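What follows is a set of notes on a single structure, which appears directly below.
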Amino acid sequence: MNYWLMKSEPAAFSIADLQTRPKKTEHWDGVRNYQARNFMRAMKKGDLAFFYHSSCDVPGIYGIVEINREAYPDPTAWDPENHHYDPKSTPERPLWDMVDVRFQRELKRPVTLAMIKANAALKHMPLVQRGSRLSVLPVTASEWNTLLKMENT
DNA sequence: GCCAACGTTGGC
DNA sequence: GCCAACGTTGGC
């Protein structure tokens, strides 16, 4: 079992939105970065991920989701109407993948980016590295447990 | 293969 | 809205 962190702008798609979806499940589409895509390809069904809200008043971790389906082609990449359209990807040769995530729970209170930055045990997370913009990133078991404890403080 | 220009991300 | 950092593109 591996752990991950996935970013979303809550104005576009939040943890609360996920909870309202049928079966509380949604495709994680729109990823157009190779490194993030490769992390999604490494995800296994049953892996857990933190749901991170970015570009908002209080950036941070707001919930937990479960990987419900492993990586498969992202059809929004070959839809010219889609904001994330990429003509390099075709149904014959898909370039971009997505996974399905299922709502697990919201955190009792958010673990904010400020809290994460203030914790020395988390200083190696790509999230807090200078200039890191990865929208999907791995979390070690140790970091996962540290972050879970911070939910209660 | 280099590198300038450009677009995007995302915190502040 | 600003801007730093990064990835991508495309001319040469």
Side-chain angles (χ1 to χ4, degrees), chain A residues 2-21 26-43 47-67 70-101 103-140 142-144 146-153:
Chain A
N2 285 304
Y3 298 105
W4 309 93
L5 182 147
M6 303 170 85
K7 294 184 190 174
S8 180
E9 298 187 15
F13 184 64
S14 70
I15 184 76
D17 292 330
L18 178 60
Q19 192 171 11
T20 68
R21 293 296 199 267
E26 187 55 277
H27 320 297
W28 201 274
D29 59 28
V31 171
R32 298 292 181 266
N33 170 281
Y34 287 102
Q35 206 175 349
R37 182 202 66 181
N38 292 342
F39 284 136
M40 285 205 299
R41 287 182 173 175
M43 290 176 174
D47 282 359
L48 296 176
F50 284 125
F51 195 120
Y52 180 94
H53 286 182
S54 65
S55 298
C56 57
D57 284 350
V58 184
I61 296 167
Y62 283 74
I64 297 175
V65 300
E66 180 179 3
I67 305 307
E70 295 174 12
Y72 62 109
D74 177 354
T76 67
W78 57 69
D79 172 9
E81 304 292 309
N82 191 280
H83 178 62
H84 297 288
Y85 174 60
D86 182 355
K88 294 194 299 299
S89 184
T90 65
E92 293 73 31
R93 295 190 61 184
L95 182 60
W96 302 111
D97 281 0
M98 61 186 185
V99 296
D100 288 357
V101 298
F103 176 87
Q104 195 169 68
R105 68 180 181 87
E106 285 194 64
L107 297 193
K108 283 175 258 179
R109 73 198 83 164
V111 173
T112 67
L113 179 61
M115 292 162 64
I116 295 169
K117 282 183 170 172
N119 191 325
L122 301 173
K123 66 180 179 185
H124 296 298
M125 288 188 73
L127 186 70
V128 295
Q129 302 300 311
R130 203 172 72 127
S132 172
R133 302 180 313 184
L134 268 182
S135 63
V136 178
L137 50 115
V139 175
T140 68
S142 158
E143 290 162 350
W144 182 271
T146 299
L147 289 160
L148 273 186
K149 282 181 200 150
M150 291 164 71
E151 175 188 16
N152 298 307
T153 58

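Values in this document were obtained by computation on a predicted structure and should not be read as measured data. In what follows, chains carry the letters A, B, and so on, assigned in the order in which the sequence lines appear, proteins first and then strands, with residues in each chain numbered from 1.
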Close side-chain approach of Met150(A) and Ile61(A), heavy atoms under 4.5 Å: no
How close or far is atom C1' of dG7(C) from atom CZ of Arg130(A), stated in whole angstroms? 16 Å
Using a strict 4.0 Å threshold on nitrogen-to-oxygen distance, state whether Glu151(A) and Arg105(A) make a salt bridge. yes
Heavy atoms, side chains only, cut-off 4.5 Å: are His53(A) and Ser14(A) in contact? yes
Just by distance, no angles: are the side chains of Ser89(A) and Asp86(A) close enough, under 3.5 Å, to form a donor-acceptor pair? no
At a cut-off of 3.5 Å, list every protein nitrogen or oxygen paired with a nitrogen or oxygen from nucleotides 8-10 of chain C, distance to 0.1 Å.
unit_1 : atom_1 : unit_2   : atom_2 : d
dT9(C) : OP1    : Lys88(A) : NZ     : 3.1

Using the side-chain contact (heavy atoms from CB on, under 4.5 Å) rule, pick out the option among Val139(A), Leu127(A), Leu147(A), Val111(A) that qualifies with Leu122(A). Leu147(A)
Mind checking whether Phe51(A) and Trp28(A) have parallel, tilted or perpendicular rings, split at 30° and 60°? perpendicular
Test item: Asp47(A) side-chain N/O and Asn2(A) main-chain N/O as donor-acceptor pair under 3.5 Å: yes
Under 4.0 angstrom between Arg133(A) side-chain N/O and dG7(C) OP1 or OP2: no
Name of the residue among Leu134(A), Ile67(A), Val31(A) meeting side-chain contact (heavy atoms from CB on, under 4.5 Å) with Met6(A): Ile67(A)
Does anything in residues 111-129 of chain A come within less than 4.0 Å of DNA chain B? Heavy atoms only, and list the residues if so. Leu113(A), Lys117(A)
Quick check on the 6.0 Å ring-centre criterion: do Trp96(A) and Tyr85(A) meet it? no
Near DNA chain B, counting only heavy atoms under 4.0 Å, which residues of residues 48-59 of chain A show up? Tyr52(A), Ser54(A), Ser55(A), Pro59(A)
Which is it for Thr76(A) and Arg32(A) under the side chain to side chain donor-acceptor pair (under 3.5 Å) test, yes or no, and what are the steps along the way? CA-CA 11 Å; Thr76(A) 67; Arg32(A) 298 292 181 266; 2.9 Å; yes
